[in-house]
Structures are given as C-alpha cells and as structure tokens.
Protein chains: 2
Amino acid sequence: MAILDTALSECSRVGLGGLSIGNLARLLDMSKSGLFAHFDSKENLQLQVLQNGRDRFVVRVLAPALQAPRGIPRLEALFEHWLEWADSPFLQGGCIFASTSTELAAQPGALRDCLLSAQRDWLGTIAEMARAARREEHFHEELDPEQFAWEFHSMTLAYHYFSRLIRDPEAQSRARNSFQNLIRASRA
Amino acid sequence: MAILDTALSECSRVGLGGLSIGNLARLLDMSKSGLFAHFDSKENLQLQVLQNGRDRFVVRVLAPALQAPRGIPRLEALFEHWLEWADSPFLQGGCIFASTSTELAAQPGALRDCLLSAQRDWLGTIAEMARAARREEHFHEELDPEQFAWEFHSMTLAYHYFSRLIRDPEAQSRARNSFQNLIRASRA
DNA sequence: CCTACCGATCGGTAGG
DNA sequence: CCTACCGATCGGTAGG
C-alpha cells in the first residue's frame, strides 16, 4: 500500500512520533481526513507502519539469507542482507527498527510491544542460526548462541549509528571487520 | 541548574523532540513563559540540555577513568564508568547520547552538529586510549585504534538497547563479556 | 518570574 | 475519498 510505504520511509527519518497525519497527507497529495479514514487512530497507523517494516524485512533480509547453506554461510548472508536493508532507498533514514528502538525504549504501549516482539523474533532467529552453525561444527562447542546474537545485533546498531549520524565513509568496512572478528572467534 | 537537570532526565526518556516547554514547566511548577524567559528559543534550551549532558559525562565517566593507569586498566575503567552512567538515576531513559543519536541522525541543524561534535570527541578519546595501550605494549602492534573505538562504542549502543528496550536482566554481564572478548583479541 | 494572548498545528469528528 | 470544523497543545510574544 502506497500510504504505508511513504509512511515507512518518513518514519525512518523522523521516528514514529515525528510522523503527523497532516504532513503525511501532504506528502501523498491527499486531504488529512481522507488519509485518516484508512486508519481508526494515529496509533493504528503507526502499528501498521511497523508491521509493514516487518513484512519488508522478511522479504529483504530473512528470506534471502535462508537461501544460503546452514552455518557460517547463512550467517554471512544474513549480515550482508542486513547491510543492504539498512541502505535501502525506500528507508530514507535507515533501518526503522534501529531508529525506533531508542524512541520506544521508554514509552510503554502497543507500539513498544509490537517493536519488542519483532526484535525478540529477530534475536531468536540469529541465535537459532548460530545454534545451527554449532551443530554443523562450523562453530566451537562452547559457543553461546545468545551472546552471539547480542554481538551480531550490536554490529547492526553500530552500523546504523556510524553510517547515519557520523556519516563515516568506512562504516561498511568497519562493520564487516567487526563481523569477521566475531566469526573468527566463534569458529571450531 | 535545576531546569536543565530536569530537562536532561526528561529528554533521556522522550528525546529532544519529545520535550515540550509546557510540559517541562509543569514538571518544574513554573509558568510556561517564566521558564521560556531563561532561554531565547526551544532550540537553545535543547542545546543547553545537550551541553549539560556533556558536562555531566565528563564528570561521571571521563574524569574517573583518567584516574586509572594508562592502557588496559584505563579502558576497563572507562567501560565500567560508562555502564554506571547509563544506569544513573538522573537519566531516567538511560544515556542521552544513545537515545538522541538515532533521533538526530537524519535531522540537520544545530542540535545534530552539537551531538556530532560530542560524539567525535568521545570516539577520539577511546581511540587515543587504545593508542596509549598499544604504546604501553598492552595491545599488539597491529591494533587499529579507530576499529577499537568502533567496537567499544558498539557495545555501549548494545547495552542501551538491551537494557532499555529488551530489558534483558543479563544486559550487564553480556556487555562485560563482549568487552572482555574485545580486550582479549587486542592483547599483545 | 507572571497573566494573557497570538497563529499554527496536532489528532480526531460530523456530515456528506 | 472530501470540506469544514472541534478542543488541545505547540513555540513564542506583549506587557508588566
């Protein structure tokens, strides 16, 4: 849906709270109430924006990574597809999950609950892939899958920060260095 | 100044954009225009809030770390004091630099410039301490100080995320694990 | 520091 | 989908 795609892109720039119905209507060349009629409340619009982000994330990051063989190759594919996702032109401000996770961290409600469940899924997926890599004997036996997910995720947060705030031209190679260090330390 | 301390705490929760003069006045039991008279504009208030954060950061994190001996001990002290900072009761929503860095990433202006210079200083300080650790021969010769700062900082971002959004009770020990992995890999 | 006010914008509604 | 409107709140000002 065109409305949700525009809203997703806008939210990645200004956050969920920074999105206003009036401004979004202007971007879409619609009247405010015409746009509002599609949603029952602003919160519902924001929830659908988050859900749109989840759907796209599955298509752009998760599904392609699952094409790669289990173990290290799959984890490498996951990381590379995440980097592409973070630079997607349809996300003007980068990964919406990265940008909204600080915004919603201290704001209880349905939006926070939605983001939290998405993030728990994501962390669980990384940990499960690390567990598979251990089973395949790509990773050593003592590897802690949850700690692996923690460190994997910290690299994505850092990439968002260095590419978007610092605008470090080396952000990508730094992220890849970090990731390769993690893989090296995890290897059997 | 009491106004700036209340504003700092509030901003850590709701972000710089989420701060409103009317709401802040209510928290301080003042009239809106009485509070406004202390600042010439909302942006100036926000800038002073950020500056207040920088001042407190120096006192709480940087200065105490410089008491520790150069090299690995100083870097360990820096990390531990950062963890204490992130849990400070006067920062209701955690580290303001972590919470505002996503908010300001895509919003050009004086606020972004102020945060950016603070963050460049911070990253430069970490890199310089890593360079000193290399000189002291605590770290191996090939260590890249900028990459070290990148990874150090990514751990602080991850701690903010896991403790504030995920509310992972193990956030602290996970962060310390990450940090010790980094130190181990950097050792001479 | 205050009261009283400004125009603009907010989310949302009535009625079509 | 629209026009026209609601009360509340926004940043900011006048005048004291």
Side-chain angles (χ1 to χ4, degrees), chain A residues 1-53 92-93 96 99-100 103-104 106-115, chain B residues 1-53 92-93 96 99-100 103-104 106-115:
Chain A
M1 194 211 251
I3 295 176
L4 289 177
D5 287 343
T6 303
L8 178 62
S9 182
E10 192 63 5
C11 276
S12 74
R13 251 181 12 96
V14 297
L16 284 163
L19 187 75
S20 90
I21 296 172
N23 190 50
L24 183 58
R26 213 173 306 121
L27 289 172
L28 290 158
D29 269 314
M30 288 174 70
S31 71
K32 210 178 72 168
S33 61
L35 190 153
F36 190 84
H38 290 279
F39 311 93
D40 294 329
S41 68
K42 188 188 179 184
E43 192 177 52
N44 185 39
L45 164 63
Q46 292 167 316
L47 280 168
Q48 290 193 45
V49 168
L50 274 180
Q51 189 57 53
N52 187 31
Q92 274 188 80
I96 4 104
S99 56
T100 57
E103 182 185 359
L104 297 175
Q107 307 216 6
L111 287 174
R112 187 180 190 284
D113 295 345
C114 175
L115 177 66
Chain B
M1 194 210 247
I3 295 176
L4 289 177
D5 287 344
T6 303
L8 178 62
S9 182
E10 191 63 4
C11 276
S12 74
R13 250 181 11 97
V14 297
L16 283 163
L19 187 75
S20 89
I21 296 173
N23 190 51
L24 183 58
R26 212 174 305 121
L27 289 172
L28 291 158
D29 268 314
M30 287 172 71
S31 72
K32 210 178 72 170
S33 61
L35 189 154
F36 190 83
H38 289 280
F39 311 94
D40 294 330
S41 68
K42 187 187 180 184
E43 192 177 54
N44 185 38
L45 164 63
Q46 292 167 314
L47 280 168
Q48 290 194 44
V49 169
L50 275 181
Q51 189 56 54
N52 188 31
Q92 273 188 82
I96 4 104
S99 56
T100 57
E103 181 185 0
L104 296 176
Q107 308 217 3
L111 287 174
R112 188 180 189 283
D113 295 344
C114 176
L115 177 66

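Chain letters run A, B, ... following the sequence lines, proteins first and then strands; every chain starts at 1. Remember, it's a predicted structure, so these values are computed and weren't measured experimentally.
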Would you check if [X] and [Y] make a side-chain contact, meaning some heavy-atom pair closer than 4.5 Å?
{"X": "A/Cys11", "Y": "A/Leu8", "answer": "no"}
{"X": "B/Leu45", "Y": "B/Gln48", "answer": "no"}
{"X": "B/Leu47", "Y": "B/Phe39", "answer": "no"}

Atom-to-atom span, [atom1] of [X] to [atom2] of [N] - whole angstrom:
{"X": "B/Asn23", "N": "D/dG11", "atom1": "CG", "atom2": "P", "answer": "10 Å"}
{"X": "B/Lys32", "N": "D/dT9", "atom1": "NZ", "atom2": "C1'", "answer": "8 Å"}
{"X": "B/Gln46", "N": "D/dG12", "atom1": "CD", "atom2": "P", "answer": "9 Å"}
{"X": "B/Leu47", "N": "D/dG11", "atom1": "CG", "atom2": "P", "answer": "15 Å"}
{"X": "B/Arg26", "N": "C/dC2", "atom1": "CZ", "atom2": "P", "answer": "14 Å"}
{"X": "A/Leu35", "N": "C/dG11", "atom1": "CG", "atom2": "P", "answer": "11 Å"}
{"X": "A/Asp29", "N": "D/dC2", "atom1": "CG", "atom2": "P", "answer": "10 Å"}
{"X": "B/Asn44", "N": "D/dG11", "atom1": "CG", "atom2": "P", "answer": "14 Å"}

Heavy atoms under 4.0 Å, any strand shown: does [X] hit a base, just sugar-phosphate, or nothing?
{"X": "B/Ser31", "value": "base"}
{"X": "A/Leu24", "value": "nothing"}
{"X": "A/Ser33", "value": "base"}

Item to complete: Verify side chain to side chain donor-acceptor pair (under 3.5 Å) between B/Ser12 and B/Gln92, making sure each step is shown before the conclusion.
Response: CA-CA 6 Å; B/Ser12 74; B/Gln92 273 188 82; over 6 Å; no
Practice prompt. Identify the heavy atoms of A/Ile3 and A/Met30 that sit nearest to each other, and give their distance.
Written response: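 Heavy atoms only, the tightest pair is CD1-SD, 4.3 Å.
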Worksheet item: Taking the side chain of B/Ile21 as its heavy atoms from C-beta onward, which of D/dC1, C/dC10, D/dG12 lies nearest to it?
Response: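 The answer is D/dG12.
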Item to complete: Looking only at side-chain atoms of A/Lys42, point me to the closest of C/dC1, C/dG11, C/dC10.
Response: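 Selected nucleotide (nearest to the side chain): C/dG11.
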Worksheet entry | Who pairs with D/dC2 - Watson-Crick or G-U, where each distance is under 3.5 Å |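 Across any shown strand, D/dC2 pairs with C/dG15.
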